[in-house]
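Input: a single structure, listed below in structure tokens.
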2 protein chains.
Amino acid sequence: MADIKKYRIGNPIPTDSVVVDMEIMTGKIPFLTINENDKTLSMKLEKTDRVYGLGETVRGMNKRGWTYTSNNSDDPVHTEDKRSLYASQNFILITSVYSSCSLGIYVDTPGKVTFDIGYTKLDELKISFEDLDADLYFIEGKSPLETVSAFRHMIGRSYIPPRWAFGFGQSRWGYKNESDIRRVADEYAKADIPIDMIYMDIDYMERFKDFTVDEEAFPEFPAFVSEMRENGIHLIPIIDAGVKIEEGYDVYEEGVKGDYFCKKENGEKLVAAVWPGQVHFPDFLKDSAREWFGNKYKVLMDQGIDGFWNDMNEPAIFYTEDHLAEVFEKLDDYKGKNLDIWSFFKFKDLVGSIANNDEDYRRFYHEYKGQKIRHDKVHNLYGYNMTKAAGEAFERLCPNKRILMFSRSSYIGMHRYGGVWCGDNQSWWSHLLLNIQQMPALSMCGFLYSGADIGGFGADTTEDLLLRWTAFGIFTPLFRNHSALGTREQEMYQFPSCDIFKNLVELRYALIPYLYSEFMKAVLEEKMLFKPLGFEYLDERSAEVEDQLLLGDSLMLAPVYKQNASGRMVYLPEDMKMVRFRAWNDYDEEVLTQGDHYVKAGLDEVLVFIRKGKVLPLADIERSRNANNNSNVSAAYSGLRSGDVSVTDLKYICYEAAAEDYRLYTDDGISRI
Amino acid sequence: MADIKKYRIGNPIPTDSVVVDMEIMTGKIPFLTINENDKTLSMKLEKTDRVYGLGETVRGMNKRGWTYTSNNSDDPVHTEDKRSLYASQNFILITSVYSSCSLGIYVDTPGKVTFDIGYTKLDELKISFEDLDADLYFIEGKSPLETVSAFRHMIGRSYIPPRWAFGFGQSRWGYKNESDIRRVADEYAKADIPIDMIYMDIDYMERFKDFTVDEEAFPEFPAFVSEMRENGIHLIPIIDAGVKIEEGYDVYEEGVKGDYFCKKENGEKLVAAVWPGQVHFPDFLKDSAREWFGNKYKVLMDQGIDGFWNDMNEPAIFYTEDHLAEVFEKLDDYKGKNLDIWSFFKFKDLVGSIANNDEDYRRFYHEYKGQKIRHDKVHNLYGYNMTKAAGEAFERLCPNKRILMFSRSSYIGMHRYGGVWCGDNQSWWSHLLLNIQQMPALSMCGFLYSGADIGGFGADTTEDLLLRWTAFGIFTPLFRNHSALGTREQEMYQFPSCDIFKNLVELRYALIPYLYSEFMKAVLEEKMLFKPLGFEYLDERSAEVEDQLLLGDSLMLAPVYKQNASGRMVYLPEDMKMVRFRAWNDYDEEVLTQGDHYVKAGLDEVLVFIRKGKVLPLADIERSRNANNNSNVSAAYSGLRSGDVSVTDLKYICYEAAAEDYRLYTDDGISRI
């Protein structure tokens with residue numbers, strides 16, 4: 001068992017991320033050298049130390065060689081020089097093939113904190129604070145997995161979605177009305193591609209107002225939800241953080257009446273703007289506001305909705321009323337003048353830096369645990385508490401039912417209330433690799449129901465990118481194709497390779513018993529679902545593999561993530577059985593020996609590697625479909641649904657193991673499905 | 001010998017990129033299907049076809065799977081979804097391991113042209129025009145190299161720089177004055193790292209005025225140039241395209257008097273703004289303006305300068321006077337209003353799209369070959385003709401001397417007058433890979449003296465990125481470390497690994513005999529300097545290798561371009577001798593067999609692979625230094641210089657070959673050095 005010690009520096013604002021009570025140690029903190037003057041903690045890194053963690057961040061699995069700032073940010077351009085994305089997951093793990101200790105450090109503080117991991121100096125880790133207030137947890141395990149499990153135990157059980165959320169979901173910013181959504185369902189039905197969810201982006205709302213539905217676009221929403229459910233499809237609407245300021249809009253009026261909105265120092269409510277135009281931000285950190293906002297989800301649940309995604313909850317700010325007024329005032333200074341070039345840049349920058357402006361995050365306050373706290377001090381808790389509002393409400397409103405919930409912004413602790421998607425990525429091959437590299441980091445901090453927008457959200461996808469990304473995405477719990485308004489349409493039926501997509505998605509459904517079982521095991525036994533190779537295999541080569549990963553106990557994946565490649569090199573830390581799937585019921589098996597192999601992998605193929613002594617259970621989806629078809633899906637929509645897939649009547653692909661060696665985790669014993 | 005055929009569609013504006021007179025064929029154009037209505041040419045791509053070319057563009061060596069638009073653009077964010085960078089190099093090569101013909105297509109047209117290479121449809125190449133006017137050249141060779149050589153013969157001999165330009169150069173936007181530059185020279189001297197050039201970015205000018213030197217910062221510029229030359233260092237100033245509008249500034253006044261500036265339709269001179277504030281653009285397409293501007297370089301040459309880099313010559317436009325006035329007028333519409341979110345975005349976009357605005361490129365005209373032509377129709381020739389102005393002037397002004405010249409913007413044809421650097425890249429690992437992938441494409445169209453900003457221009461570099469990038473950069477003819485104002489300082493002496501950098505740069509100098517010889521061979525025999533593996537080795541695996549390349553006749557390179565990697569997989573198409581350099585005089589040799597190998601490569605090591613039957617000549621730089629030291633460099637600056645390196649007194653590393661098998665190309669017989 002790993003050894004955990006808790007220390008406190010300064011006077012940290014609690015985050016409720018840790019659920020286990022622990023004594024606070026006194027005396028000098030171990031491992032790290034504290035420098036009160038520059039508000040830093042530092043330690044030397046050995047040349048062979050690898051540093052994992054930080055959840056949803058840019059760059060590789062091994063985070064060495066860059067600086068990461070926990071400061072939840074709505075930045076859709078995830079290039080490798082970015083320091084902050086949407087999430088703050090301040091857990092790092094330092095390990096080495098030459099060390100018998102894997103050290104986990106959890107820096108629990110809700111404000112901005114920066115991890116310089118061998119950036120300024122190749123051999124130094126330096127953690128910098130705006131305020132030197134944090135709870136520090138040091139977890140010493142004999143292996144990376146032992147350390148991670150101990151950490152996961154500390155932070156409590158991960159969120160479990162309904163089983164149908166393991167199906168495939170299609171999304172796009174731009175499905176405007178019933179007929180747009182019906183068309184998606186129809187086209188997937190026509191292509192006979194299994195699908196369980198269609199996501200509704202901001203378009204469905206009446207002028208982007210939370211908990212409303214545009215009545216022109218969806219004249220009879222409950223009937224439409226029910227029609228879709230009969231076709232086996234869950235509609236999953238988005239919920240944004242900001243509440244539109246509009247007289248007569250009930251959510252706004254309740255918020256004002258109940259005093260649920262964030263206020264400025266002078267007591268006036270902050271006026272920010274996001275999609276609905278001017279909004280107030282609910283104070284999710286305040287218990288009463290959280291309860292109120294959580295209850296609002298019922299408005300949609302009463303119309304048949306059983307899943308949501310929470311967005312814009314960093315919170316994103318397009319502008320604040322106060323700052324915009326300042327900008328317009330300053331703009332007058334530039335008009336009609338012969339601008340020298342620096343004045344011109346200042347003018348451009350004035351307008352260019354209106355959105356998500358640092359200054360705006362210091363303009364408003366929260367009531368948190370009885371204290372008035374300026375937003376920037378607890379910034380990274382905002383999305384967490386929005387999702388907590390929902391999760392607490394679901395528990396109250398429907399204790400016997402699981403509701404799908406995932407969020408863009410997060411902090412550790414939120415993993416108990418929902419999953420995450422990896423935000424507004426791009427249709428870049430490098431973001432397919434990033435998706436592969438982020439999954440283990442998310443597993444480390446308990447965000448098990450997660451995945452990236454397959455095919456990429458921003459920019460134009462290509463058919464081959466979408467094929468390769470889907471071939472990886474079939475393994476991620478959240479399996480969603482999503483894209484932005486104005487980009488190339490990327491529903492699978494848009495492409496000539498539609499048949500290949502069908503095979504890929506069907507394979508996903510055949511894998512659901514394994515995926516769900518390994519997911520439940522990871523939840524219930526506090527394990528990682530996705531692991532870097534170096535967490536299980538302690539050789540030097542495995543330690544450096546950044547483009548393969550382990551999924552559950554049985555599988556290694558080695559996705560193809562380069563354009564125009566008809567194969568790739570794969571490193572096998574031990575002998576494994578390679579299964580080359582062309583379809584769920586069309587595959588070859590081949591045992592490959594430990595070492596490096598070049599393997600071909602066509603656009604229509606998926607390779608999985610079964611570890612020695614392990615088993616891959618597969619559903620016979622044809623039989624499942626025949627057995628369950630009528631019960632789940634109306635005749636016109638004959639496509640397979642997650643609920644059709646039998647998790648008991650399985651076939652098994654084994655490598656030096658027997659079917660009986662695989663223990664299937666079906667659920668946690670709670671009746672909720 | 002490859003077969004070349006020339007066809008003409010429409011009435012193309014000449015570009016002077018082809019120097020060989022060719023008969024224009026009549027009748028239907030081969031290979032491509034013309035569609036007059038949508039102004040496209042298209043052809044089917046076989047599944048195994050690879051498409052190379054397009055020079056300096058994003059993505060891999062094989063360009064399949066994306067759309068590229070030739071439209072010279074000042075865009076410093078070279079993410080993989082970008083369609084246009086700084087250059088237009090409209091030559092593509094279609095080849096396959098299963099075909100006995102490698103087809104080259106050169107689309108010679110100075111306006112916007114788009115290459116959809118299997119993007120819209122995986123199996124279709126479609127070339128789209130704004131105006132269906134182009135000279136089309138079809139080159140059928142038996143191999144990629146034969147086709148490329150035939151193309152290179154068509155477009156004339158590549159620019160040859162002075163030999164000292166094969167040394168190392170340090171640059172940074174932000175060296176403000178003599179003492180900043182002296183410090184760079186001093187620090188390199190102290191570190192004993194060889195250096196031949198220090199680049200001067202826009203800071204050296206008097207308020208960014210071309211052909212001026214800030215007298216406060218450089219009170220005695222000729223003396224300073226001469227001081228640096230005595231220390232063995234060439235100062236290389238930047239020249240921008242725009243000429244500041246300022247009464248009394250001679251270049252401006254001459255330009256007005258001589259009628260050398262671009263005009264709007266109404267005959268008024270266009271007022272644009274770049275670094276100096278408001279400028280006029282010289283009409284480089286007009287013979288008299290080109291002659292005039294070319295002669296201006298003499299102003300700096302008379303002060304001892306013998307090298308330049310031409311920048312901002314797409315041309316970049318921060319704003320035009322006319323457009324900015326329109327913007328300010330529209331801004332008033334937004335002031336004081338409660339903006340709905342779409343109005344807010346329009347407001348932001350209004351300001352955000354001021355720079356390099358498409359509309360601005362339609363506001364002005366050129367006098368080109370006696371015709372008044374709107375800029376956008378000949379946009380891609382602008383940078384080319386700026387550099388041609390310089391090249392023609394150098395030929396007139398100093399016919400017996402070579403002048404260093406490279407440019408940001410280019411079009412095929414410009415390769416006869418200068419090299420290119422790959423523009424404002426970023427400190428991204430992916431841009432190290434991009435550098436590797438762009439080099440062969442640049443070789444294809446004759447841009448032999450080229451390279452990228454080592455360490456990355458924008459964003460913050462890391463020590464290990466700079467080490468790995470330098471370990472590749474020592475092989476590129478243009479070998480320059482350059483970075484942007486505001487980014488981390490990245491001169492080699494800034495880092496603890498200074499000794500490793502010294503070893504790397506010294507190895508570069510020891511390689512100069514080989515690099516210069518292979519460079520001259522590529523120029524004189526119209527060969528590629530950098531080649532994809534698949535151009536020499538016709539197996540399927542070689543065809544897909546995108547992260548190794550051949551340099552000259554003897555070497556294969558396999559750079560490490562991933563962070564935290566202590567080695568990499570290398571594919572050997574045949575047996576090769578791997579040389580592991582720790583320093584120019586400290587290395588091991590090992591023969592590796594054909595196939596895949598994992599090779600270790602520390603941050604302090606450089607691997608090169610010598611092909612079978614080939615030879616790598618190496619200078620003994622210690623002996624060179626001792627023999628030449630006093631003649632070239634003053635005592636305080638004892639560092640090695642390119643001119644010190646003996647190209648005759650060499651040692652040879654051979655693999656199944658003898659030293660005599662290597663033929664050294666020293667020069668083209670012209671006395672100019």
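Numbers restart at 1 for each chain; the letters A, B, ... are given by sequence-line order, proteins then strands.
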Check whether any side-chain heavy atom of [X] lies under 4.5 Å from a side-chain heavy atom of [Y], and answer yes or no.
{"X": "A:D596", "Y": "B:D596", "result": "no"}
{"X": "A:F347", "Y": "B:V351", "result": "yes"}
{"X": "A:E463", "Y": "B:Y119", "result": "no"}

More than 12 heavy atoms of other groups within 6.0 Å of [X] [atom1]:
{"X": "A:K348", "atom1": "NZ", "result": "yes"}
{"X": "A:K47", "atom1": "NZ", "result": "no"}
{"X": "B:K121", "atom1": "NZ", "result": "no"}

Taking all non-hydrogen atoms of both residues into account, name the closest pair between [X] and [Y] and its distance.
{"X": "A:E544", "Y": "B:G567", "result": "OE1-N, 4.1 Å"}
{"X": "A:T462", "Y": "B:G65", "result": "CG2-O, 3.2 Å"}
{"X": "B:A273", "Y": "A:I341", "result": "CB-CD1, 4.1 Å"}

- Query: Is there a donor-acceptor contact under 3.5 Å linking the side chains of B:T79 and A:Q426?
  - Reply: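 The criterion, which ignores hydrogens and geometry beyond distance, is not satisfied for A:Q426 and B:T79.
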Top of [options] for chain A proximity - count of heavy-atom pairs under 4.5 angstrom:
{"options": "B:G352, B:G595, B:A565", "answer": "B:A565"}
{"options": "B:V77, B:L350, B:V274, B:D340", "answer": "B:V274"}
{"options": "B:E321, B:R207, B:Q278, B:R541", "answer": "B:R541"}

- Query: Considering heavy atoms only, which positions within residues 324-333 of chain A lie below 4.5 Å of chain B?
  - Reply: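 Expected list: A:L324, A:F328, A:L331, A:D332.
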Heavy-atom distances under 4.5 Å only: say whether [X] touches chain A with side chain, backbone, both or neither.
{"X": "B:T67", "result": "neither"}
{"X": "B:R568", "result": "neither"}
{"X": "B:Y571", "result": "neither"}
{"X": "B:L465", "result": "neither"}
{"X": "B:W342", "result": "side chain"}
{"X": "B:R488", "result": "side chain"}
{"X": "B:D460", "result": "both"}
{"X": "B:K600", "result": "side chain"}

- Message: I'd like to check the side chain to side chain contact (heavy atoms under 4.5 Å, CB included) partners of B:A484; sequence neighbours left out, ordered by chain and number.
- Response: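 If we apply the side chain to side chain contact (heavy atoms under 4.5 Å, CB included) test to B:A484, skipping adjacent residues, the hits are B:W173, B:F457, B:T487.
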- Under the side chain to side chain contact (heavy atoms under 4.5 Å, CB included) test, residues paired with B:L433 that sit two or more places apart: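 For B:L433, the residues satisfying side chain to side chain contact (heavy atoms under 4.5 Å, CB included) (neighbours in sequence not counted) are B:Q437, B:D547, B:Y561.
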- Query: Would a line drawn from the ring center of A:W275 to the ring center of B:F345 be shorter than 6.0 Å?
  - Reply: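 Ring centres of B:F345 and A:W275 closer than 6.0 Å.
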- All side chain to side chain donor-acceptor pair (under 3.5 Å) counterparts of B:Y52, not counting sequence neighbours: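 Per chain and number, B:Y52 pairs via side chain to side chain donor-acceptor pair (under 3.5 Å) with B:R50.
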Spacing of [X] atom [atom1] and [Y] atom [atom2] [to the nearest 0.5 Å]:
{"X": "A:T461", "Y": "B:D81", "atom1": "OG1", "atom2": "CG", "answer": "11.0 Å"}
{"X": "B:S430", "Y": "A:W428", "atom1": "OG", "atom2": "CH2", "answer": "8.5 Å"}
{"X": "A:N564", "Y": "B:D49", "atom1": "CG", "atom2": "CG", "answer": "11.5 Å"}
{"X": "A:E540", "Y": "B:S566", "atom1": "CD", "atom2": "OG", "answer": "7.0 Å"}
{"X": "A:K562", "Y": "B:R59", "atom1": "NZ", "atom2": "CZ", "answer": "14.5 Å"}

- Query: What is the ring orientation for A:F344 with B:F318, classed by angle as parallel under 30°, tilted 30 to 60°, or perpendicular over 60°?
  - Reply: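 Taking B:F318 first and then A:F344, their aromatic rings lie parallel (interplane angle under 30°).
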- Message: Below 4.5 Å, heavy-atom pairs only: which of A:F208, A:F495, A:Y319, A:Y334 has the largest tally toward chain B?
- Response: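 Maximum pair count with chain B is reached by A:Y319.
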- Side chain of A:R64, backbone of B:Q563: donor and acceptor closer than 3.5 Å?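 The answer is no, because no donor-acceptor pair under 3.5 Å joins these two groups.
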- Begin with the C-alpha distance, continue with both residues' side-chain angles, and end with the deciding distance and a verdict on side-chain contact (heavy atoms from CB on, under 4.5 Å) for B:Y598 and A:M569. CA-CA 10 Å; B:Y598 177 81; A:M569 292 301 306; over 6 Å; no
